[in-house]
Amino acid sequence: MSSALISNCALYPGIPVVHPVLCNARTNLHVTLSEKPQTPSISGLSRSMFLKPTYVTTGDITTLDIELLCNDGIKGLIIDLDSTLMESGKGRITTETDAWLQLARPRLKMIVLTNNKRQDYIDNAGSVLNMPVIGYAAKPWKAGFRQALAALELPPEEVAVIGDRPLTDIWGGRRSNMRTVLVRPLSSIVEPSWKTFFRQLEHVFIRR
Ligand SMILES: [Mg+2]
């Protein structure tokens, strides 16, 4: 990776960002862990309680560089549904998301993993996205991720989990030994303030 492309990430200052689209934290993660012993912080929380995604973006999923993912050995994606691929409850995708999926489809195997339990909603999402959707996933528990991996027929080291939620998508992906991509919610979504508040609260668990 060219160092000229790396700069500091305003959202996650400890994680290098490849502008404008992709941040690869793996190298940084290795250095950080080897140089800093895992001692309790002032607040008493162990560093192991915090999450560090493999990649973060400064935008939504449509800003992810598919070429960079492929060049990094990624052959499959497990993608969150609500706020990552479509606005919750809307049942349709934007032209930008559709264009990104069209670019990714020939290069990457893809499957959607959602905690949503409404079968009609899951069926519609599968139809709109034209890809398999696994519902009732209970992320961050491992069972849904195992099911998605089996469907992709890929080993975990060749799959990245993409999602907007640290405590479900990122934690679940890490627990299942996959690389993770933390994205922002779709830029087309205007979230209610309570949802933004809880999202920011969850981001406390992202290690800086
Ligand atoms: Mg989501």
Side-chain angles (χ1 to χ4, degrees), residues 11-12 15 21-23 50-64 66 69 74 76-98 100-101 104 108 110-149 151-152 159-176 178-206:
L11 292 170
Y12 311 101
I15 304 176
V21 290
L22 191 63
C23 161
F50 294 94
L51 299 164
K52 191 161 192 174
T54 318
Y55 314 93
V56 296
T57 68
T58 53
D60 64 26
I61 190 171
T62 65
T63 66
L64 266 179
I66 295 159
L69 288 176
I74 299 295
L77 300 176
I78 296 173
I79 311 176
D80 170 53
L81 179 60
D82 289 330
S83 300
T84 299
L85 281 174
M86 63 171 56
E87 184 172 355
S88 181
K90 292 294 180 186
R92 58 179 183 270
I93 56 174
T94 63
T95 52
E96 291 81 8
T97 304
D98 187 46
W100 186 87
L101 288 171
L108 297 158
M110 295 186 289
I111 192 165
V112 175
L113 190 65
T114 175
N115 285 352
N116 198 295
K117 297 176 180 176
R118 276 181 45 204
Q119 194 58 50
D120 60 332
Y121 187 74
I122 293 164
D123 291 343
N124 176 69
S127 172
V128 168
L129 295 164
N130 191 27
M131 71 173 80
V133 177
I134 297 174
Y136 307 83
K139 294 179 283 185
W141 307 119
K142 295 180 183 177
F145 291 97
R146 276 200 297 264
Q147 191 181 347
L149 274 176
L152 290 174
V159 176
V161 176
I162 300 177
D164 67 307
R165 298 279 305 275
L167 293 185
T168 53
D169 307 308
I170 304 306
W171 191 20
R174 292 259 331 249
R175 296 181 77 215
S176 300
M178 287 180 274
R179 281 177 266 181
T180 54
V181 187
L182 181 62
V183 296
R184 306 297 298 172
L186 287 168
S187 60
S188 58
I189 297 174
V190 180
E191 280 187 334
S193 55
W194 65 265
K195 205 167 185 177
T196 304
F197 172 76
F198 282 109
R199 182 185 299 281
Q200 289 171 344
L201 204 60
E202 204 171 313
H203 279 231
V204 165
F205 289 92
I206 294 296

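Counting starts at 1 for both ligands and their atoms, following the listed order. By convention here, the first residue in the shown sequence is residue 1.
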| said: Looking at Asp164 and Pro185, would you say the former's side chain and the latter's main chain have a donor-acceptor pair under 3.5 Å? | reply: no
Below 3.5 Å, can you tabulate the donor-acceptor pairs from side chains in residues 133-145 to any protein atom, sequence neighbours excluded?
from: Tyr136; atom 1: OH; to: Lys117; atom 2: O; distance (Å): 2.8
from: Lys139; atom 1: NZ; to: Asp80; atom 2: OD1; distance (Å): 3.0
from: Lys139; atom 1: NZ; to: Leu113; atom 2: O; distance (Å): 2.7
from: Lys139; atom 1: NZ; to: Asp169; atom 2: OD1; distance (Å): 2.8

| message | Can you count the protein N/O/S atoms lying under 2.8 Å from the Mg ion (ligand 1), leaving waters out? | response | 3
| Any idea which heavy atoms bring Thr57 and Val183 closest together, and the distance? | OG1-CA, 3.5 Å
| Just wondering, are more than 12 heavy atoms of other shown residues or ligands nearer than 6.0 Å to CZ in Arg92? | no
| field | For Leu51 against Pro166, the heavy-atom pair lying closest together | value | CD1-O, 3.2 Å
| said: Could you walk me through whether Met131 and Val112 satisfy the side chain to side chain contact (heavy atoms under 4.5 Å, CB included) test, starting with their C-alpha distance in whole Å, then the side-chain angles of each, then the deciding distance to 0.1 Å, before giving a yes or no? | reply: CA-CA 7 Å; Met131 71 173 80; Val112 175; 3.5 Å; yes
